[in-house]
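Computed from a prediction, not measured in an experiment: that's the story for all the values here.
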Amino acid sequence: MDALLTKTEKKPAATKQKISGSEVLLRCLVAEKVQHIFGYPGGAIMPVYDALYGYADKLTHLLVRHEQGAIHAAQGYARVSGKTGVVFATSGPGATNLVTGLADALIDSTPVVCITGQVFAHLLGTDAFQEIDVINTTLPVTKWNVQVTEAKDIAPAIAKAFYIAASGRPGPVLVDITKNAQNELIEEFEYEACNTVRTYKPKPVLQLAQVEAAAELINKAKRPYILVGQGVLLAGASKELIAFTEKTGIPVASTLLGLGALPCEHPNYVGFLGMHGNYGPNINTNECDLLIAIGMRFDDRVTGNVSKYAKQAQVVHIDIDKAEINKIISPTVAVHADAKEALDALTKLCTKNAFPEWIESFKKLNAEEFEKVVAKEIRNTNSLKMAEVIYMLSQLTKGEAVVVTDVGQHQMVTSRYYQYKNPRTNITSGGAGTMGFALPAAMGAKVAAPHKQVVAVIGDGGYQMTVQELGTIMQYKIPVKILVLNNSFLGMVRQWQQLFHGKRYSFTEMQNPNFVKIAEAYNIPAAKVTEQKNLEAELKKMLASETSYFLEVVVEKEDNVFPMVPAGAGVAEVILEIPKH
């Protein structure tokens with residue numbers, strides 16, 4: 001009997017080690033192959049930071065100087081790498097400081113996962129110290145958000161967050177974790193990545209009938225015209241776009257966020273669309289017989305007055321987000337699909353064609369723009385102009401740098417004069433128009449692409465909104481190049497005041513500090529250019545630097561950006577110069 005008991009006796013099950021909710025979170029991030037986190041600690045997220053202390057070999061955390069800097073850095077990181085950016089912030093003001101970046105990421109379709117600490121669950125709703133209802137606060141500016149109050153729910157929430165942020169039309173997600181959930185001990189677990197959510201269908205099934213209907217219109221068109229947006233970049237469809245335009249011969253223009261989807265040097269590329277876009281693309285929007293919109297949402301900065309927009313044309317609209325179809329422009333044929341899949345299928349069904357006369361019409365209009373606008377800006381002999389600086393930067397970098405712009409005149413000038421060669425090299429705040437975006441976004445972009453030249457082009461106004469991130473650049477020795485175009489004005493607002501408000505420059509002129517001394521205080525080499533004769537040498541010096549570098553260029557104070565579609569005007573009413581009254 002004793003022998004029998006010995007044989008049948010079961011060994012006690014091995015006791016699973018218990019880990020905290022904070023460690024659960026960090027293990028989830030490692031499993032999701034996260035490499036970099038941008039964050040700022042505080043009381044409600046302190047357990048996570050305590051656990052992070054032991055993860056230095058697995059996760060690299062960069063301490064920013066403001067939570068807005070963290071999320072913009074994560075945006076820049078995501079836009080360049082195609083990966084999901086990750087942010088840590090504490091409760092209350094830490095979380096609310098993310099709101100601007102969340103809104104920016106949502107409208108510009110940038111995948112970011114923000115993890116915020118929250119007060120203990122039993123204190124929720126009591127107005128505890130640094131308690132803010134972050135879920136309802138961020139509901140309008142996130143693709144999805146969730147509050148976690150128990151450690152067992154952390155892993156499923158993080159898995160779902162990464163899936164939702166990166167799938168379909170990407171966007172920001174926020175996970176708010178109470179302090180008790182961070183502290184609570186649970187048994188070790190096996191992380192399960194999320195690849196489906198009930199009722200959420202991020203990638204539509206390509207409908208061949210829609211593609212066939214689009215191809216039929218394209219094959220019959222006499223003056224077809226492709227408008228390309230960021231959806232092409234997000235889908236990784238630049239090669240498919242090139243194949244499509246080269247087979248069909250159709251000219252291509254780009255939205256602000258679509259720049260780089262097709263190399264600017266491509267013979268079928270005709271320019272930049274929109275309020276400050278090129279003359280030919282705007283005029284011919286109302287001359288084409290077929291518009292093919294790919295991964296763009298007919299933003300008001302592209303359409304101008306919708307009642308005057310392309311009324312003569314049939315429209316094919318390709319977009320992964322069904323909500324964008326029929327929202328602004330009603331298409332003749334809608335293709336609800338991923339841009340990569342749609343372009344591949346469409347190219348196979350379209351006949352080989354060429355439209356030399358139609359493309360020539362764009363060239364003639366752009367030649368008029370060159371004579372009346374461009375030549376005067378890049379060959380100016382009287383004073384330094386923004387266009388001259390960007391044109392030279394483009395030549396010196398051969399269009400291959402990652403260029404991160406802020407918001408304002410310099411942004412439009414860069415979009416017009418920088419000749420982008422590669423996808424994911426134009427990083428800017430589009431739909432939200434967030435001043436202060438560029439400096440932290442460039443920092444994140446450089447972390448994502450350490451071997452690429454990253455240049456932040458910023459106006460003097462936007463630069464001062466997040467200038468504190470020079471501290472992050474200094475601490476982590478991020479070799480980003482910072483180019484500030486200083487006109488001592490909030491330039492874009494001033495331009496509108498000049499043109500439409502009788503030159504009443506109401507609170508737009510700025511008295512600026514010594515930017516060079518500020519950069520040097522952060523141990524960043526710095527220089528200032530005030531004369532044209534020094535511009536090229538100083539740009540070369542900046543680009544050659546192996547460390548971060550700050551270059552201020554003092555440009556013409558009342559320099560304007562043309563062409564321009566005035567507010568309320570149609571795209572064909574674009575003007576090339578200040579109207580004569």
Side-chain angles (χ1 to χ4, degrees), residues 66 68-69 71-76 78-80 97-110 141 229-230 254-260 272-277 297 299-302 386-387 389-390 393 402-418 420 425-445 454-469 480 482-497 507-510 512 515 552-553 555 559-562 564-565 567:
H66 190 285
Q68 185 178 349
I71 189 163
H72 289 331
Q75 287 176 270
R79 293 270 288 273
V80 169
N97 280 342
L98 300 176
V99 170
T100 296
L102 288 169
D104 194 289
L106 183 68
I107 200 166
D108 282 355
S109 307
T110 306
V141 292
Q230 189 187 201
S254 173
T255 68
L256 173 64
L257 293 185
L259 289 167
F272 169 50
L273 286 165
M275 179 175 280
H276 290 289
R297 57 189 179 86
D299 177 75
D300 62 287
R301 285 297 191 263
V302 166
M386 293 177 286
V389 180
I390 302 305
L393 177 69
V402 174
V403 179
V404 187
T405 51
D406 212 78
V407 173
Q409 286 183 316
H410 71 276
Q411 177 191 34
M412 294 297 99
V413 168
T414 304
S415 302
R416 287 173 43 74
Y417 289 96
Y418 197 86
Y420 296 93
T425 55
N426 165 49
I427 313 300
T428 196
S429 172
T434 303
M435 290 178 70
F437 173 85
L439 185 62
M443 187 170 74
V454 176
V455 182
V457 180
I458 319 177
D460 50 307
Y463 179 61
Q464 293 177 84
M465 287 194 171
T466 49
V467 68
Q468 70 277 356
E469 295 309 326
V480 66
I482 305 156
L483 176 60
V484 168
L485 303 184
N486 183 3
N487 57 14
S488 296
F489 265 115
L490 298 176
M492 186 60 82
V493 183
R494 184 214 54 77
Q495 178 168 336
W496 280 63
Q497 288 173 336
F507 300 100
T508 48
E509 189 165 8
M510 302 188 77
N512 289 319
F515 289 130
E552 175 188 0
V553 181
V555 295
D559 195 2
N560 289 318
V561 186
F562 287 105
M564 180 179 185
V565 179

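- Distance check, rounded to the nearest 0.5 Å: CD1 of Ile107 to CG of Leu257 gives 9.5 Å.
- Residue Leu256 comes nearest to Asn426 through the heavy atom pair O-ND2, 2.9 Å, listed as atom of the first residue, atom of the second, then distance.
- Thr425 meets the side-chain contact (heavy atoms from CB on, under 4.5 Å) test with Val402, Tyr420, Asn422; sequence neighbours excluded.
- The backbone N or O of Ser429 sits nowhere less than 3.5 Å from a side-chain atom of Asp108 that would complete a donor-acceptor pair.
- Checked against side-chain contact (heavy atoms from CB on, under 4.5 Å), Val141 has the following partners two or more places apart in sequence or in another chain: Val99, Leu102, Ala103, Thr138.
- Applying the side-chain contact (heavy atoms from CB on, under 4.5 Å) criterion to Val565, with sequence neighbours excluded, gives Asn282, Ala569, Val574.
- Atom OG1 of Thr100 is separated from atom CD of Gln68 by 5.0 Å, given to the nearest 0.5 angstrom.
- Annotation: the span from Met275 atom CE to Asp300 atom CG amounts to 7.0 Å, rounded to 0.5 Å.
- For Asn560, the side-chain hydrogen bond (donor to acceptor under 3.5 Å, both in side chains) partners are Arg494, Gln498, not counting sequence neighbours.
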Discussion item. The test is side chain to side chain contact (heavy atoms under 4.5 Å, CB included); show your working for His66 and Thr466 and say whether it passes.
Written reply: CA-CA 8 Å; His66 190 285; Thr466 49; over 6 Å; no
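- No hydrogens or angles considered: nothing links the side chains of Gln230 and Ser109 as a donor-acceptor pair under 3.5 Å.
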Quiz prompt | Derivation of the side chain to side chain contact (heavy atoms under 4.5 Å, CB included) call for Glu469 and His72 | solution = CA-CA 11 Å; Glu469 295 309 326; His72 289 331; over 6 Å; no
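- Counting heavy atoms from C-beta on, the side chains of Met564 and Gln495 come closer than 4.5 Å.
- The shortest side-chain heavy-atom distance between Val413 and His276 does not fall under the 4.5 Å cut-off.
- Leu259 and Ser254 get closest at one heavy-atom pair: N-OG, 2.9 Å.
- The minimum heavy-atom distance between Gln464 and Met510, with the atom names listed, is NE2-CE, 3.7 Å.
- With values rounded to the nearest 0.5 angstrom, His410 atom NE2 is found 7.0 Å from Ile458 atom CD1.
- Of all heavy-atom pairs spanning Thr428 and Asp406, the tightest one is OG1-O, 3.6 Å.
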Side-chain donor-acceptor distances from residues 435-445 under 3.5 Å, at least two apart:
none

- Is there a side chain to side chain contact (heavy atoms under 4.5 Å, CB included) between Tyr463 and Ile482 once you walk through the steps? CA-CA 10 Å; Tyr463 179 61; Ile482 305 156; 4.0 Å; yes
request  = Would you sort out whether Val455 and Leu393 count as a side chain to side chain contact (heavy atoms under 4.5 Å, CB included), showing the intermediate values?
outcome  = CA-CA 9 Å; Val455 182; Leu393 177 69; 4.2 Å; yes
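- Taking 4.5 Å as the limit, every side-chain heavy atom of Ser415 sits out of range of all side-chain heavy atoms of Thr405.
- Looking at Arg301, its side chain never comes within 3.5 Å of a backbone N or O of Thr255 through a donor-acceptor pair.
- Side-chain contact check for Gln411 versus Val561: every heavy-atom pair is 4.5 Å or farther apart.
- Looking at every heavy atom in both residues, Gly459 comes nearest to Val484 through C-CG1, 4.3 Å.
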List the atom pairs, with distances to 0.1 Å, where a side-chain N or O of residues 485-492 and a protein N or O form a donor-acceptor pair under 3.5 Å, not counting sequence neighbours.
{"residue": "Asn486", "atom": "OD1", "partner": "Ser488", "partner atom": "N", "Å": "2.9"}
{"residue": "Asn486", "atom": "OD1", "partner": "Asn512", "partner atom": "ND2", "Å": "3.1"}
{"residue": "Asn486", "atom": "ND2", "partner": "Glu552", "partner atom": "OE2", "Å": "2.8"}
{"residue": "Asn487", "atom": "OD1", "partner": "Phe489", "partner atom": "N", "Å": "3.0"}
{"residue": "Asn487", "atom": "ND2", "partner": "Gln409", "partner atom": "OE1", "Å": "3.4"}

